[in-house]
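Notes follow once the structure below has been shown.
This one's a predicted model, so the numbers in the text were calculated from it and none came from an experiment.
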Amino acid sequence: MKPLFFLFFTAIASAADLQLLLAVPDQIVLQDDFSKSRPLDKKAWAKRQGTQWAVEDGVLRGKPSTPEFQASKKDHKGLEPRLSAPITPAQFIAKFSVRFEGGIETAIVPFVEFGHHVCRLRFTKDGAEVLADGESTKVAESKDLKFEPGKWLHVLAEMKGNEFVIQFDGGPTLYAKHARFAKPVPSGGNGLGLAGPKDGIVELDNVTLWSIKPDAQPSWASKRDALPKFAPVTLATKKNAN
């Protein structure tokens with residue numbers, strides 16, 4: 001059996017120099033590079049809102065639902081590809097690469113989230129924001145991390161207790177703290193989740209999900225102090241339907 005540190009090093013190779021800040025990895029619960037076309041593992045992945053997902057061309061690719069499905073629904077029509085990984089531990093380390101293609105930005109999408117309506121990173125042409133607790137509170141933001149169709153984002157995210165930190169290859173690093181992170185409520189979109197742009201495509205690659213150990217990284221306190229701080233902002237809208 002290969003030692004855990006070797007597996008972790010191999011898994012983050014596509015994310016360049018990203019290193020863990022907060023959590024200590026325990027067990028790998030999911031690892032996939034989608035190198036071979038095959039049916040999607042229903043135990044690991046949940047297609048949402050009738051959207052279409054397939055392992056093809058070395059990635060997991062999502063497309064909107066069919067016109068027939070959209071015509072049959074009053075809401076949750078699947079106008080943008082949506083997916084969740086309910087196998088994700090409530091407290092986790094997640095490494096993955098994601099790319100949005102085509103389509104248009106809306107007031108809700110595109111986004112990456114961790115627990116449906118628990119911790120959501122929404123992308124816009126003007127920047128990105130981390131939203132917590134039903135999108136009721138903005139807990140972090142970056143003006144540099146923008147919705148750029150066709151650009152791969154290589155990501156390392158960690159959630160432990162009420163703290164969350166997410167790094168992107170080439171920057172930025174965002175840190176947030178919220179009581180909801182420590183008490184996620186299970187839902188149909190639990191775990192790592194994706195929503196692409198409206199009428200667009202989202203691609204996912206090189207995914208590894210870990211459970212974590214009880215103790216934080218020994219250097220976490222000092223590294224946290226060096227991260228950008230953001231004063232939480234209460235937003236008018238809470239618990240969007242999507």
Side-chain angles (χ1 to χ4, degrees), residues 1-36 40-41 43-46 53 55 58-62 83-100 110-115 118-123 128 130 140 142 145 148 151-161 163-176 181 184 189-196 202-213 215-217 219-220 223-224 227:
M1 179 179 295
K2 294 178 180 178
L4 184 61
F5 75 87
F6 178 84
L7 290 173
F8 183 78
F9 179 82
T10 301
I12 67 169
S14 64
D17 296 327
L18 297 180
Q19 300 293 324
L20 287 171
L21 298 175
L22 166 59
V24 177
D26 188 8
Q27 300 293 321
I28 291 177
V29 299
L30 175 67
Q31 188 169 35
D32 205 333
D33 63 3
F34 308 108
S35 58
K36 296 182 180 180
L40 196 61
D41 183 352
K43 293 182 179 180
W45 302 102
W53 290 83
V55 179
V59 300
L60 176 55
R61 180 175 293 128
L83 182 79
S84 66
I87 197 173
T88 313
Q91 304 279 281
F92 63 84
I93 297 166
K95 175 266 171 185
F96 57 94
S97 296
V98 62
R99 175 167 68 172
F100 304 114
F111 65 71
V112 174
E113 67 180 356
F114 305 93
V118 174
C119 179
R120 177 176 292 186
L121 177 64
R122 187 174 77 90
F123 297 87
V130 179
S142 170
L145 184 62
E148 298 182 55
K151 179 181 179 180
W152 278 106
L153 300 173
H154 304 296
V155 186
L156 181 60
E158 308 165 65
M159 184 175 286
K160 183 180 185 305
E163 295 185 290
F164 172 74
V165 62
I166 185 166
Q167 303 176 68
F168 292 83
D169 183 27
T173 297
L174 300 176
Y175 168 75
F181 298 164
N190 204 28
L192 170 64
L194 303 173
V202 59
E203 294 178 339
L204 185 67
D205 201 7
N206 297 319
V207 177
T208 307
L209 304 175
W210 289 263
S211 60
I212 64 174
K213 294 185 177 181
D215 294 332
Q217 290 280 340
S219 58
W220 168 236
K223 290 181 177 178
R224 176 180 53 200
L227 294 175

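- Smallest separation of non-hydrogen atoms from T173 and L21: CG2-CD1, 4.1 Å.
- E113 meets the side chain to side chain contact (heavy atoms under 4.5 Å, CB included) test with F111, H116, R120; sequence neighbours excluded.
- Applying the salt bridge (charged side-chain N to carboxylate O under 4.0 Å, His left out) rule to R99 yields the partners E101, E203; only residues at least two apart in sequence or on another chain are considered.
- Between L192 and F92, every side-chain heavy-atom pair lies at or beyond the 4.5 Å cut-off.
- Interatomic distance, L204 CG to S97 OG, rounded to the nearest 0.5 Å: 8.0 Å.
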Item to complete: Determine, stepwise, if the pair Y175 / E163 fulfils side-chain contact (heavy atoms from CB on, under 4.5 Å).
Response: CA-CA 8 Å; Y175 168 75; E163 295 185 290; 2.5 Å; yes
* Test log, rule side-chain contact (heavy atoms from CB on, under 4.5 Å), inputs N190 and T88 -> CA-CA 8 Å; N190 204 28; T88 313; over 6 Å; no
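- With contacts defined as side-chain heavy-atom distances shorter than 4.5 Å, the pair V59/W152 qualifies.
- Taking CG of L153 as the reference point, atom CD of E148 lies at 8.0 Å (rounded to 0.5 Å).
- Across all non-hydrogen atoms, the minimal contact from V24 to D215 is CG2-O, 3.5 Å.
- In this structure, the separation between CD on Q19 and NZ on K223 is 7.5 Å, given to the nearest 0.5 Å.
- Residues satisfying the salt bridge (charged side-chain N to carboxylate O under 4.0 Å, His left out) criterion with D32, sequence neighbours excluded, are R38.
- Residues passing the side-chain hydrogen bond (donor to acceptor under 3.5 Å, both in side chains) test with Q91, sequence neighbours excluded: none.
- Annotation: side-chain hydrogen bond (donor to acceptor under 3.5 Å, both in side chains) contacts of W45 (sequence neighbours excluded): none.
- Qualifying side-chain hydrogen bond (donor to acceptor under 3.5 Å, both in side chains) partners for Q167, counting only residues two or more places apart in sequence or in other chains: none.
- Atoms CZ and NE2, from F168 and H154 in turn, are 11.5 Å apart once rounded to the nearest 0.5 Å.
- Here the shortest heavy-atom pairing between C119 and V130 reads SG-CG1, 3.9 Å.
- When all heavy atoms of L18 and D169 are compared, the pair lying nearest together is CD1-N, 3.8 Å.
- Annotation: the span from I87 atom CD1 to S211 atom OG amounts to 10.5 Å, rounded to 0.5 Å.
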Is there a side-chain contact (heavy atoms from CB on, under 4.5 Å) between L145 and L121? Walk through the geometry before answering.
CA-CA 10 Å; L145 184 62; L121 177 64; 4.3 Å; yes
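- Closest of all the heavy-atom pairs between I212 and D26 is C-CB, 3.8 Å.
- Taking the six-membered ring where the residue is Trp, the centroids of W53 and F34 are separated by 6.0 Å or more.
- Here the CG atom belonging to D205 is positioned 7.0 Å from the CG atom belonging to D33, to the nearest 0.5 angstrom.
- Two residues are said to be in side-chain contact when any heavy atoms from C-beta on lie closer than 4.5 Å; P89 and V29 meet this criterion.
- Put simply, the side chain of F123 reaches to within 4.5 Å of the side chain of V112, judged on heavy atoms.
- When each of L227, L20, L174 is tested with V165 by the rule side-chain contact (heavy atoms from CB on, under 4.5 Å), just one qualifies, namely L227.
- A side-chain contact (heavy atoms from CB on, under 4.5 Å) with Q31 is found for one member of N206, T208, V207 and no other, namely T208.
- Between A44 and P86, the closest heavy-atom pair is O-CD, 3.6 Å.
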